[in-house]
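Labels below follow one simple rule: chain letters A, B, ... track the order of the sequence lines, proteins then strands, and each chain is numbered from 1. Hydrogens, waters and symmetry mates are skipped; everything else that's a heavy atom, side chains included, is used.
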Amino acid sequence: MNEFDEFDAFEAAAAPVPLSQRAMGARPMPYLDGLNAAQREAVEVLDGPVLLLAGAGTGKTRALTTRIAHLLTLNKARPGQILAVTFTNKAAREMKERIGRLLGEMVEGMPWLGTFHSISVKILRRHAELVGDATLHLKPSFTILDTDDQIRLLKQLMEAENVDVKKWTPRWVASHIDNYKNRCWRPDAVPASAEKTIERVPGTFTTKRDGGSGHEVKVTEVYRQYQRRLLELNAVDFGDLLMHCVTIFQAHPDVLRQWQDRFRYILVDEYQDTNVAQYMWLRLLAKAHRNICCVGDDDQSIYGWRGAEVGNILRFETDFPGAKVIRLERNYRSTAHILAAASGLIAANRGRLGKTLWTEAEGGEKVRLIGHWDSEAEARWIGEEIESFHGGHRHAVGQRGLNDIAILVRASHQMRAFEDRFMTIGLPYRVIGGPRFYERQEIRDAMAYFRLAVSPTDDLAFERVVNLPKRGLGDKAVQKIQVEARERGLSLLEGAASALAVGAIGGKGGAALRVFVESMGRWHADAIDSAANHVELAERILDESGYTAMWQNDKSPDAPGRLDNLKELVKALEEFENIQGFLEHVALVMDNDKAEQADQVSIMTLHAAKGLEYPIVFLPGWEDGLFPSQRSMDETGMKGLEEERRLAYVGITRGEELVTISFAGNRRMYGQWQSSLPSRFIDELPEDHVDVLTPPGLYGGGYGAAAQSFGHQSHMQSGMHDRAAKADVYNSPGWKRMQQRSADRAQPVHRAPVIIDAEPAARFSVGDRVFHQKFGNGTVMGIAEDTLTVEFTTGFKTIKAGYVQPASAGGGGLDDVPF
DNA sequence: GGAACGGCAGTTTTT
DNA sequence: CTGCCGTTCC
């Protein structure tokens, strides 16, 4: 994927449409069939500003993709003249697929359908020289730093300024700089009210100019130095991609004009998630022709904490006077009870644009609500429920595969209870989210090798891998290299060669460094040689550098997984022409959506669940402090609470047929048991659409049992504050309703668990060494039918035999590593 | 230069 | 209770 080829293709696509083609007349539009009135309007009102308020499950993506198909069919624009932005690569990919399906083979790819960031990169590569000044500016070959590089760089700068990095962590400073960038504030434009001051290590002062007098340093000063250093490295971070584009558009009207002319129609997905920088980016591009269609749902704005401004969507009609507002309110996803519960809850938020979701679907079960004694009981109960669905013992819902079931949690630490429980009972599950492929250590390390081979002046990459695997080059050696490089104005790699030449680094480390520098020279020669095979080169780099061997010799349980990832990385290279093209792909586009083949329950955070849907959804952990999260409320007050409520709304609306909300009276947090009260959101659920279940073991139901299980007793001993909070909840209508209902239906919800057929278990005996994906190697200490008790380094675990393998066969996988 | 210990913090996450 | 960092000790 050479971006300049793409530009050429783009130039062709942007050329005026030949008259002969316009004269072809209307083509058939089968894609319009089956749209409802609002969807049809959303597709057909093509000119001028349009705000499409699309509630959960109302066919938003369909409307958006059909709209693009319609623009193309009517010859309003060619593919290269439509700018369509999304937030995630996944969303972009889905849209491309769906447009292709709508139009058959007739349309070539849409070059400007992508994420804000990937589109910004393409624009920025064209005008890189406009960033910076005459003496120092960006070059089109700039690299994109990931968060990790960003932090390392900041840390170096802060340490050079003697900043107390324990008290003021580089991560903290990075998050403030990101915030500034999200708002398009360059270092000189940060308002005084947003300025942060950090301190130097006690007793240290600086002779530098206005880095702050003496003890204090301003974050904007660090920010300024950071931006300067990025330019020197010919690098940008994620925030820069947007901010630099906006800066260029603002400072160079001719450049802006060029892009405005190109993008005749603009479409924006998930508009409620845009931050200020993205908003400015869009406004600048749209202000000439105003053909902008923004799709979003203010009730699903859940990213305020990373800079998203709900205000952008609330203000749309003011920003674009005469905007057409279209509401998609007919829901095709959920039952009426689920919709009503979600709508009732979200109604408590103020300042909404207002939508009323409705459905023609009838019947269905109410949203179920159940309280448990503690988080372990909650996990146990949900496990049993899932087994009962799976076995087909329910009439209303029918037999379900595990792929139809999701557990959505507020915070990732809640996942553990479920993982432990499911592991024990042998229930297959998958965790969605987690570290992205390209964020993993081994991937970033490999990438640093590739980066250095491609551009030997990449100092950050050099620092990352020069002593990886261990080459006996510690801080002292690296410092010598840095001094040498600085004195002679060289890159670190050249500095290393120079330090070796003058004999500054000798001994074992020196010999290893010599090998490293020489190897890198060979790899670089091959990396810039277009005749060389880049896949083979990548394998060789990882092999010859000793990086692969490092993981092969590593005994930790995740080492095999890391080797697998490296294999996958090399395999991914095959789809690119060279390593350069690949590097950009990984920086911006690569994600780890694996094909979901196996039948597994999905566990994920509520944030990760946005845009997904499942027939059966469990929403555990609805306790005040956890959900809504205490921190959210402390930091942003009512604003935070409303965002939490929207999160609850997102959670409920993921469910198609059955939603079960639950809470636990006691939960282990940081090793301590803590009691808590049911979430205030529970009280906000409309009574008519909720079924209160009695947990197993509390046959009496009623107030006493319920109160006990909700941590009532421990709260009795707490101070006045807790007492007041408790009284509130216990006097609320929702609470009383719950007691009443619990008393009414005192029958237990217990069902006979249906054991899922486990894989034919290998035969184990006590004392066998076994390997487990997560816990590593262990020893079998006890056997009961197909359940093993295994001692791992981390302690004893009870695990179904199917989850472990004999240690010899499983743990390694080292024999068949390809490099 | 590398292992072993101690301290401390600890939502949500895309690009 | 964890995991991650940084310091200490060999």
Side-chain angles (χ1 to χ4, degrees), chain A residues 85-92 114-121 144-148 150-151 155 165-167 169-172 175 178 181-182 236-243 270 273-275 277-278 301-308 408-417 420 432-439 441 467 469-478 507-509 512 584-592 604-611 621 625-636 640 643-644 646-648 650-651 667-674 794-795:
Chain A
V85 271
T86 62
F87 275 84
T88 64
N89 294 302
K90 192 177 166 199
T115 62
F116 276 103
H117 291 86
S118 65
I119 290 169
S120 294
V121 172
I144 302 160
L145 299 191
D146 61 29
T147 316
D148 202 57
Q150 195 187 352
I151 305 262
K155 193 171 171 221
V165 288
K166 274 192 200 138
K167 195 165 173 192
T169 64
R171 188 168 295 279
W172 183 88
S175 78
D178 277 344
K181 290 186 176 180
N182 283 342
V236 299
D237 64 21
F238 285 124
D240 284 337
L241 294 175
L242 271 294
M243 189 176 73
E270 306 279 16
D273 288 338
T274 49
N275 61 34
Q278 287 155 343
S301 164
I302 56 175
Y303 284 110
W305 50 273
R306 64 174 198 214
L408 313 182
V409 298
R410 174 64 183 86
S412 45
H413 64 74
Q414 289 172 260
M415 293 181 184
R416 229 199 111 138
D420 284 353
I432 296 183
R436 321 257 128 221
F437 187 74
Y438 60 83
E439 281 171 351
Q441 188 192 339
N467 197 30
K470 295 277 174 357
R471 296 191 172 89
L473 296 159
D475 285 349
K476 240 170 50 192
V478 172
K508 227 175 105 193
E584 176 152 320
H585 177 80
V586 177
L588 276 175
V589 181
M590 194 142 179
D591 44 31
N592 56 341
M604 72 194 90
T605 64
L606 288 160
H607 284 92
K610 194 164 86 158
L626 178 60
F627 190 39
S629 125
Q630 193 57 50
R631 194 150 160 183
S632 246
M633 295 186 292
D634 289 347
E635 281 171 9
T636 44
E643 183 154 312
E644 296 284 307
R646 291 194 290 269
L647 206 44
V650 167
R667 187 171 291 277
R668 198 163 39 193
M669 274 222 137
Y670 308 138
Q672 311 245 87
W673 282 100
Q674 276 193 312
T794 51

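As a whole-Å value, the separation of Lys470(A) NZ from dG1(B) P is 11 Å. Protein atom CD of Gln150(A) is 15 Å distant from nucleotide atom P of dT15(B), rounded to whole Å. Rounded to an integer number of Å, the gap from CG of Asp148(A) to C1' of dC5(C) is 14 Å. We find that CG of Asp146(A) is positioned 15 Å from C1' of dT13(B), with the value rounded to whole Å. dT13(B) atom C1' lies 17 Å from atom CZ of Phe116(A), rounded to whole Å. Nucleotide dC1(C) holds its C1' atom 12 Å from the CG atom of Asp420(A), rounded to whole Å. Arg171(A) has its CZ atom 14 Å from the P atom of dT13(B), to the nearest Å. Straight-line distance from the CZ atom of Phe87(A) to the P atom of dT15(B): 11 Å, rounded to whole Å.
Counting heavy atoms from C-beta on, the side chains of Phe116(A) and Thr274(A) come closer than 4.5 Å. Between Trp305(A) and Thr636(A), the closest side-chain pair of non-hydrogen atoms is not below 4.5 Å.
OP1 or OP2 of dT7(C) lies within a sub-4.0 Å distance of a side-chain N or O belonging to Lys166(A). For dT15(B), the OP1/OP2 oxygens have no side-chain nitrogen or oxygen of Lys90(A) closer than 4.0 Å.
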Please tabulate the protein-to-nucleotide N/O contacts below 3.5 Å involving nucleotides 7-12 of chain B, giving atom names and distances.
from	atom 1	to	atom 2	distance (Å)
dT12(B)	OP1	Ser412(A)	N	2.8
dT12(B)	OP1	Ser412(A)	OG	2.4
dT12(B)	O4'	Arg410(A)	NH1	3.1
dT12(B)	O2	Trp305(A)	NE1	3.4
dT12(B)	O2	Arg410(A)	NH2	3.0

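Heavy atoms of Lys155(A) sit under 4.0 angstrom from primed sugar atoms or phosphate atoms, though from no base atom.
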Step-by-step side-chain contact (heavy atoms from CB on, under 4.5 Å) determination, Asp240(A) to Lys181(A): CA-CA 7 Å; Asp240(A) 284 337; Lys181(A) 290 186 176 180; 2.8 Å; yes
In sequence, state the C-alpha distance, the side-chain angles, and the governing distance for Thr605(A) and Arg410(A), and then conclude on side-chain contact (heavy atoms from CB on, under 4.5 Å). CA-CA 6 Å; Thr605(A) 64; Arg410(A) 174 64 183 86; over 6 Å; no
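Every residue two or more places apart in sequence or in another chain that forms a side chain to side chain donor-acceptor pair (under 3.5 Å) with Ser632(A) is listed here: Glu644(A). Applying the salt bridge (Lys or Arg N to Asp or Glu O under 4.0 Å) rule to Lys470(A) yields no partners; only residues at least two apart in sequence or on another chain are considered.
Remark on DNA chain B: of its neighbouring residues Lys476(A) and Ser118(A), the 5'-side contact belongs to Lys476(A), judged by nearest-heavy-atom nucleotide.
Separation of atoms CD (Glu270(A)) and CD (Gln278(A)) is listed at 12.0 Å; rounding is to 0.5 Å.
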